[in-house]
Amino acid sequence: MGIKEDILNASKKVGINPYTDPFKASTLGLNANKYGSFSDYCSETESASGKYSKTIILKVVERNKSKKPFKYLLL
């Protein structure tokens, strides 16, 4: 399975809508490291790693104090 399918399956288990309810990987019980990083799947990330993903499926909706992506929505 890919990251999108994993997010959809995990969100059903925890009872959130990943399209409208901001989430972290840990909220869904997922290990973001398994996918490289969730920020790799966002178009607006400031990290260099985000430039390498051709699959843009996440939107950053909240950043932590150091301005790194913290919570996401599924596109």
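Note: hydrogens, waters and symmetry copies are ignored here, and every other heavy atom, side chains too, is used. On a predicted model such as this, the values are computed, not experimentally measured, just so you know. In this chain, residues are counted from 1 in sequence order.
- Sorted by first and then second residue, the pairs that involve residues 3-15 and meet side chain to side chain donor-acceptor pair (under 3.5 Å), not counting sequence neighbours, are D6-Y35.
- Contacts of N33 classified as side-chain contact (heavy atoms from CB on, under 4.5 Å), with partners at least two apart in sequence or in another chain: N31.
- Residues L74 and L8 form a side-chain contact, since some pair of their non-hydrogen atoms from C-beta on lies under 4.5 Å apart.
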Item to check | Worked verdict on L73 versus L58 for side chain to side chain contact (heavy atoms under 4.5 Å, CB included) | outcome: CA-CA 6 Å; L73 286 176; L58 297 172; over 6 Å; no
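- Atom CZ of F70 sits about 5.5 Å away from atom CD of E62, to the nearest 0.5 Å.
- Taking the side chain as every heavy atom from C-beta outward, S39 and K68 never approach each other to under 4.5 Å.
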Which donor-acceptor pairs under 3.5 Å do the side chains of residues 14-29 make with protein atoms, sequence neighbours left out?
| unit_1 | atom_1 | unit_2 | atom_2 | d |
| --- | --- | --- | --- | --- |
| N17 | OD1 | Y19 | N | 2.8 |
| D21 | OD2 | N17 | N | 2.8 |
| T27 | OG1 | K24 | N | 3.3 |

Checklist entry - Going through the distances and angles, do I56 and Y41 end up as a side chain to side chain contact (heavy atoms under 4.5 Å, CB included)? => result CA-CA 5 Å; I56 305 301; Y41 298 90; over 6 Å; no
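- One distance of note links OH of Y72 with CD1 of I7; it measures 9.5 Å at 0.5 Å rounding.
- Pairing each heavy atom of C42 with each of K59, the nearest pair is SG-N, 4.4 Å.
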